[in-house]
Peer 1: 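Just passing along the structure, written as structure tokens.
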Protein chains: 2
Amino acid sequence: METLRERKKQRTRDALVRTALELFTTQGYDRTTVDDIAEAVDVSQRTFFRYFAGKEEAALAMEDMTVAHFVETVRGRPPHEAPMEALRQSVLEGWDTLHDVIESVVPVELYLRMYQVMESTPVLLAAHLRKSVEIEETIAHILAEREGVDLDTDPRPRLTVAVFGGVMRLTERQWSADGDYSLDAMRALVVSHLEQLGPALSESWRTH
Amino acid sequence: METLRERKKQRTRDALVRTALELFTTQGYDRTTVDDIAEAVDVSQRTFFRYFAGKEEAALAMEDMTVAHFVETVRGRPPHEAPMEALRQSVLEGWDTLHDVIESVVPVELYLRMYQVMESTPVLLAAHLRKSVEIEETIAHILAEREGVDLDTDPRPRLTVAVFGGVMRLTERQWSADGDYSLDAMRALVVSHLEQLGPALSESWRTH
DNA sequence: AGGCTAATGACAGCCACTGACAATTGACAA
DNA sequence: TTGTCAATTGTCAGTGGCTGTCATTAGCCT
């Protein structure tokens, strides 16, 4: 981030993300055109597409930052932890430092509102899920290396990640639906869901 | 399917699906335009969009049939089975009768090739995942009713379905990657993955 | 200062998708 | 059978996402 050129580019990109999220959260994703965003930032439509491969990418730009942050947190977990425990701790711990990462680009409050839009916009939700799958593959690699198993023959890394991903998506959905956007609420949900995982899968649900 | 009108409509729709899948699997999804499909079936582009909300929907039309079939199979499972076992049995059993359902519209071989295309086309994979989430919600409702629990307060139905969904997506991916498109291979993978679920989540992976 | 290169703007054009209206075609009763 | 009604389709025009191309601008570096 040395030269003037680089700083200018960063400013333009951040302005595009901020403006896009602002418009998406106020008017809705579908009712906001790329021209709207470009005009508000005072660049050409063509420039928008030089920064983002598509409208989706601008909408999910923050997402990429949080994901990268989570992946790094997993990488830093002590090796003695069991795989699922390392993932669990990464979520609980990662959210502490995530706040500042987000705030460096957009207000956290805007980020959270955008999350709602994503959940209720089919094409965005779809793109989000696809990205989740990609992350899961990355995490599976990390787990396999950590535990010294072969990803091609041992299904456990991908299995663990798939389950964890399912739980996280469920948690996200419930968290954003409950309306309690606090960190503690998020943490409590993750812990609660993972605790109930074992019983839900093996035991009978009926008490009689 | 009584009147001539209805039969004609069904034929047009089937022809569109068949042609779309044929083109998608030979030229690729992105390199096939809606005009290509419409022209091959000899209808106007506008008519295509009267049958399908978009290109995606035509590509995933078969998917919807298999999903509906799976949901019905789950509904028919004996009530004494534990939830996860009911899902497992539905997959193992459902595939037997699925063959004929598919073949009534397109050759199964074409359906399987389309599956490959879906896995390797980002926008299709995304749409597929989004649909999976919708199905999971449906199944969660069925499980909750089956077991007599409240979906709003008890997380176990959605938790179970999320885990099962994760395992199934993993299975799909590996199955289509292995190149062994037999039913038995599919069944073996499902059984194997579900068997390893418990150990992978709770135990240590290292043998020392 | 002046040459070099990265960044941008200004078209033109493709494709997915939609609304509106006219033309056609099957359904059904007189 | 024929005429009327309603469903289906075709045509046309237009919007919005996205890309290639080329000229212009603006920061960089000697």
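Each chain gets a letter, A, B and so on, in the order its sequence line appears, and its residues count up from 1. Quick note: numbers below take in every heavy atom, side chains included, and nothing from hydrogens, waters or symmetry partners. Since the model is a prediction, treat every value here as computed from it, not as a measurement.
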Peer 1: Is it true that the side chains of B/Gln116 and B/Tyr181 contain a donor and an acceptor less than 3.5 Å apart?
Peer 2: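 Note: B/Gln116 and B/Tyr181 side chains meet the donor-acceptor criterion.
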Peer 1: Check the distance between D/dG16's C1' and A/Phe24's CZ and give it to me in whole angstrom.
Peer 2: 13 Å
Peer 1: Take the protein atom CD of A/Gln10 and the nucleotide atom P of C/dA7, then report the distance between them rounded to whole Å.
Peer 2: 12 Å
Peer 1: Send over the distance from A/Glu57 CD to D/dT19 P, rounded to a whole Å.
Peer 2: 10 Å
Peer 1: Decide if atom CG of B/Asp42 counts as having more than 12 heavy atoms of other residues, nucleotides or ligands within a radius under 6.0 Å.
Peer 2: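 No, because the 6.0 Å sphere around CG of B/Asp42 holds 12 heavy atoms or fewer from other groups.
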Peer 1: Which whole-number value in Å describes the distance from B/Asp42 CG to D/dT8 C1'?
Peer 2: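 Atom CG in B/Asp42 sits about 15 Å away from atom C1' in D/dT8.
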Peer 1: Verify, without hydrogens or angle tests, whether A/Thr25 (side chain) and A/Leu21 (backbone) share a donor-acceptor contact under 3.5 angstrom.
Peer 2: yes
Peer 1: Can you give one letter per nucleotide of nucleotides 23-30 of chain D, going 5' to 3': B for a protein heavy atom under 4.0 Å from the base, S for sugar-phosphate only, - for none?
Peer 2: ---SBS--
Peer 1: Is the phosphate of D/dT9 approached by B/Tyr51 (side-chain N or O, under 4.0 Å from OP1 or OP2)?
Peer 2: yes
Peer 1: Between the opening five pairs and the closing five pairs of the helix from C/dA1-D/dT30 to C/dA30-D/dT1, how far apart are the helix axes, to 10°?
Peer 2: 10°
Peer 1: How close or far is atom P of C/dC15 from atom OH of B/Tyr29, stated in whole angstroms?
Peer 2: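 Checked: the OH to P distance equals 14 Å.
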Peer 1: Main chain of A/Arg156, side chain of B/Trp205: is a donor-acceptor contact present, judged purely on distance under 3.5 Å?
Peer 2: no
Peer 1: Decide whether B/Glu85 and B/Gln89 meet the rule of one side-chain donor and one side-chain acceptor closer than 3.5 Å.
Peer 2: yes
Peer 1: Under 4.5 Å between any side-chain heavy atoms of B/Glu172 and B/His128, yes or no?
Peer 2: yes
Peer 1: Please determine whether a side-chain nitrogen or oxygen atom of A/Thr47 lies at a distance below 4.0 Å from atom OP1 or OP2 of C/dG9.
Peer 2: yes
Peer 1: Starting from C1' on D/dT15, measure out to CZ on A/Arg31 and report it in whole angstrom.
Peer 2: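 So the two atoms are 16 Å apart, to the nearest Å.
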Peer 1: With distance as the sole test, does A/His99 use its side chain to make a donor-acceptor pair with the main-chain N or O of A/Trp95 at under 3.5 Å?
Peer 2: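 Side chain of A/His99 to backbone of A/Trp95: no pair is present.
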Peer 1: With heavy atoms under 4.0 Å as the rule, sort A/Thr33 into base, sugar-phosphate or nothing.
Peer 2: sugar-phosphate
Peer 1: Could you tell me whether A/Glu93 and A/Arg77 make a salt bridge, using a distance below 4.0 angstrom between a side-chain N and a carboxylate O?
Peer 2: yes
Peer 1: Atom CG of A/Asp30 and atom P of D/dT15: how far apart are they, to the nearest Å?
Peer 2: 18 Å
Peer 1: In whole angstrom, what separates A/Asp35's CG from C/dC11's P?
Peer 2: 14 Å
Peer 1: Is it the case that the side chain of A/Thr97 and the backbone of A/Gly94 share a donor-acceptor pair, with hydrogens and angles ignored and the cut-off at 3.5 Å?
Peer 2: yes
Peer 1: Donor-acceptor check, side chain of B/Arg146 to backbone of B/Pro78, threshold 3.5 angstrom: yes or no?
Peer 2: yes
Peer 1: Once each nucleotide of nucleotides 17-22 of chain C is scored for protein heavy atoms under 4.0 Å, what B/S/- sequence comes out, 5' to 3'?
Peer 2: BBBB--
Peer 1: Under 3.5 Å, side chain of B/Arg88 to main-chain N/O of B/Leu194, donor-acceptor pair present?
Peer 2: no
